[in-house]
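The analysis underlying the following values was restricted to heavy atoms, covering all of them including side chains, and did not include hydrogens, waters or symmetry mates. Protein chains get the first letters and strands the later ones, always in sequence-line order, with residue 1 at the start of each. What you see is a predicted model, and the numbers here were worked out from it, not measured in a lab.
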There are 2 protein chains.
Amino acid sequence: MNKKEALESFLAVLDIKDDRFLKDLNAISMLVSKRKGEILFLEGDKGEDLYFVLKGAVKIFKTNSEGKEITINIAQEGELFAEIVLFLKNTYPVSAMAIENSLLLAIDSKRMFDKIKENPEFAMKFLGLFAKRLNYLTEKVKELSIDDAKERLLGYLNRRDKGDGVVEIKLPKKEISSSIGVSPETFSRILKKLSEEGAISIEGKVIKLLK
Amino acid sequence: MNKKEALESFLAVLDIKDDRFLKDLNAISMLVSKRKGEILFLEGDKGEDLYFVLKGAVKIFKTNSEGKEITINIAQEGELFAEIVLFLKNTYPVSAMAIENSLLLAIDSKRMFDKIKENPEFAMKFLGLFAKRLNYLTEKVKELSIDDAKERLLGYLNRRDKGDGVVEIKLPKKEISSSIGVSPETFSRILKKLSEEGAISIEGKVIKLLK
DNA sequence: TTCATATCTTGACCTAAATCAATTATTTCT
DNA sequence: AGAAATAATTGATTTAGGTCAAGATATGAA
């Protein structure tokens with residue numbers, strides 16, 4: 001994938017159809033590739049870039065003083081992350097690690113901020129994007145505090161069901177378990193139990209939601 | 001408080017200093033007062049208003065199928081809530097209840113949306129506001145999944161310490177406990193334990209953070 | 001002020017899910 | 001292909017914090 005294609009897919013996600021921003025965006029962004037396991041930034045790092053995922057997957061996570069970790073989100077193809085640096089200048093409030101070999105578009109947040117200010121169209125797109133993100137996090141807060149592990153796992157699967165009840169597990173299970181706030185052991189046990197209860201069927205990396 | 005003062009304090013929070021929006025905003029908003037315990041809206045309700053708290057406190061919460069409840073946020077004087085309806089049209093994704101007798105400014109979201117579209121200044125303010133909210137929720141997700149009840153309670157107190165180590169508990173303890181995702185019993189026990197350990201001292205509604 | 005209602009505290013008990021430990025599978029690298 | 005490393009499963013054990021119950025305080029209405 002070349003830079004032009006990258007920018008086009010970024011604009012497509014923002015739902016901006018004409019090409020007049022291509023040159024502008026080209027000047028404030030660059031392609032970067034990261035190998036699986038590479039850290040992009042850690043919480044507290046100074047940094048100025050927001051990212052758009054062209055290929056691969058990046059885990060956004062937080063760690064506490066005891067070394068425990070929670071995955072806030074896994075950004076995959078077509079998703080933005082760290083866009084918060086547009087407004088909380090200077091330091092990243094989360095950490096990010098590539099969990100697959102990934103190709104990313106790194107966008108300079110200061111200059112992107114100016115673009116947003118100059119173009120109400122961008123501002124509205126970002127507002128819509130932030131609203132979705134707020135909704136996602138609100139739901140996550142709810143699940144983590146009042147839904148049990150089984151409900152959270154079913155929630156995860158249901159959100160990925162496109163209507164046919166078939167969900168392909170593309171990420172390592174330990175990443176999924178961390179993203180629903182559950183230990184890998186518990187994840188494994190619940191999956192087994194759901195299968196025994198007849199709620200799902202498991203064939204390799206494909207899970208079918210029954211009933 | 002009259003309508004003009006209400007609008008002025010709303011604009012002050014948005015950090016907009018001139019008065020040119022006063023008339024516009026007047027046309028799309030109204031003062032409403034709610035008694036303690038009154039529901040403003042429930043999750044799933046159709047609704048078009050976002051709110052600004054002039055006086056009192058409003059609990060924003062979510063409930064699951066088993067009737068368990070988590071407080072997402074308690075909006076107090078000078079805070080906006082339900083601003084998400086600006087972008088997720090039609091239905092509220094959370095519920096809201098006045099937990100004190102409250103005076104609110106209800107703002108029509110459709111017409112506010114148009115104002116934001118017309119005035120990049122508004123758009124940027126809302127983006128900044130959303131960014132803060134995203135940060136708050138991200139921190140909350142982290143606390144709920146990897147911090148224990150004691151750390152969450154200390155986090156709550158520390159965020160309210162303005163530097164002198166003195167925190168006044170203005171809200172009912174059961175509201176605070178729900179907002180940190182803990183049962184009232186556990187809340188009570190941890191407070192006692194912290195006091196015994198010498199980490200805090202409690203004098204009525206005032207808690208002093210020692211160390 | 002007094003009665004009624006709601007909130008808070010404390011104790012006893014229980015349970016969901018984490019942790020620890022040991023295999024077993026699956027990737028990845030040479 | 002084979003070895004080494006990483007991920008996933010399963011069992012045994014522990015524990016943080018929820019629930020239930022009872023009593024103590026506090027709040028508010030008449």
Side-chain angles (χ1 to χ4, degrees), chain A residues 35-38 56-57 59 64 66-71 74 97-101 143-156 169-197 200 202-207, chain B residues 35-38 57 59 64 66-71 74 97-101 143-156 168-197 200 202-207:
Chain A
R35 298 190 63 78
K36 181 176 169 176
E38 270 191 89
K59 171 169 73 173
N64 72 355
E66 276 116 58
K68 288 190 190 180
E69 184 183 309
I70 171 70
T71 297
I74 295 173
M97 183 176 87
I99 56 172
E100 290 176 11
N101 295 335
E143 288 192 356
L144 284 169
S145 50
I146 55 180
D147 292 347
D148 65 20
K150 183 170 152 186
E151 286 169 318
R152 299 210 292 276
L153 173 43
L154 283 173
Y156 179 91
I169 300 292
K170 286 176 189 147
L171 298 164
K173 288 182 180 172
K174 65 168 183 142
E175 299 299 349
I176 298 174
S177 68
S178 167
S179 83
I180 62 172
V182 139
S183 72
E185 293 94 330
T186 297
F187 185 88
S188 182
R189 282 187 258 263
I190 292 174
L191 219 48
K192 191 186 178 191
K193 192 154 170 257
L194 285 172
S195 173
E196 284 168 359
E197 289 172 359
I200 61 172
I202 306 170
E203 289 150 31
K205 293 199 175 305
V206 173
I207 292 176
Chain B
R35 298 192 64 77
K36 180 176 169 178
E38 270 192 88
K59 170 169 75 173
N64 72 357
E66 275 115 58
K68 288 191 188 177
E69 185 183 308
I70 170 72
T71 296
I74 295 173
M97 183 176 88
I99 56 172
E100 290 176 10
N101 294 335
E143 289 192 356
L144 285 169
S145 50
I146 55 180
D147 292 348
D148 64 21
K150 183 171 153 187
E151 288 169 316
R152 300 209 292 276
L153 174 44
L154 283 173
Y156 180 90
E168 193 190 342
I169 299 292
K170 286 175 190 147
L171 298 165
K173 289 183 179 171
K174 65 167 184 145
E175 299 299 349
I176 297 174
S177 68
S178 167
S179 84
I180 62 172
V182 139
S183 73
E185 293 94 330
T186 296
F187 185 88
S188 182
R189 282 186 259 263
I190 292 174
L191 220 48
K192 192 187 178 191
K193 192 153 172 256
L194 285 172
S195 174
E196 284 168 358
E197 288 171 0
I200 62 173
I202 305 170
E203 288 150 31
K205 293 199 177 303
V206 173
I207 292 177

With a non-hydrogen cut-off below 4.0 angstrom, is [X] in contact with a base, only sugar-phosphate, or nothing?
X: K68(A); value: sugar-phosphate
X: G204(B); value: nothing
X: G37(B); value: nothing

Can you identify which nucleotide, out of [options], has its nearest atom closest to the [X] side chain?
X: K174(A); options: dG11(D), dT9(C), dA7(D); value: dA7(D)
X: S183(A); options: dA18(C), dA16(C), dC8(C); value: dA18(C)
X: A149(A); options: dA17(C), dA18(C), dC8(C); value: dA17(C)

Expressed as a whole number of angstroms, how long is the span from [X]:[atom1] to [N]:[atom2]?
X: R189(A); N: dA16(C); atom1: CZ; atom2: C1'; result: 11 Å
X: E151(A); N: dA17(C); atom1: CD; atom2: C1'; result: 14 Å
X: D147(A); N: dG18(D); atom1: CG; atom2: P; result: 15 Å
X: E100(B); N: dT27(D); atom1: CD; atom2: P; result: 13 Å
X: K205(A); N: dT27(C); atom1: NZ; atom2: P; result: 5 Å
X: F187(B); N: dT7(C); atom1: CZ; atom2: C1'; result: 13 Å
X: L191(A); N: dA17(C); atom1: CG; atom2: C1'; result: 16 Å
X: E66(A); N: dT19(C); atom1: CD; atom2: C1'; result: 14 Å

*Between E185(A) and R152(A), which has a closest nucleotide on DNA chain C that is more 5'?*
R152(A)
Output yes when at least one side-chain N/O atom of [X] is less than 4.0 Å from OP1 or OP2 of [N], else no.
X: K36(A); N: dT28(C); value: yes
X: T186(B); N: dG18(D); value: yes
X: K173(A); N: dT9(D); value: yes

*If you find the nucleotide of DNA chain D closest to K150(B) and the one closest to R35(B), which residue's nucleotide is nearer the 5' end?*
K150(B)
*Intermediate values then yes/no, side-chain contact (heavy atoms from CB on, under 4.5 Å), R152(A) and V182(A)*: CA-CA 9 Å; R152(A) 299 210 292 276; V182(A) 139; 3.4 Å; yes
*Would you sort out whether K59(B) and E69(B) count as a salt bridge (Lys or Arg N to Asp or Glu O under 4.0 Å), showing the intermediate values?*
CA-CA 11 Å; K59(B) 170 169 75 173; E69(B) 185 183 308; 2.8 Å; yes
*Cut-off 3.5 Å, side chains only: do S179(A) and T71(A) have a donor facing an acceptor?*
no
*Between R189(B) and E185(B), does at least one N-O distance fall below 4.0 Å, as a salt bridge requires?*
no
*asked:* Applying side-chain contact (heavy atoms from CB on, under 4.5 Å) to K173(A) and L191(A), what does each step give before you reach the verdict?
replied: CA-CA 11 Å; K173(A) 288 182 180 172; L191(A) 219 48; 4.1 Å; yes
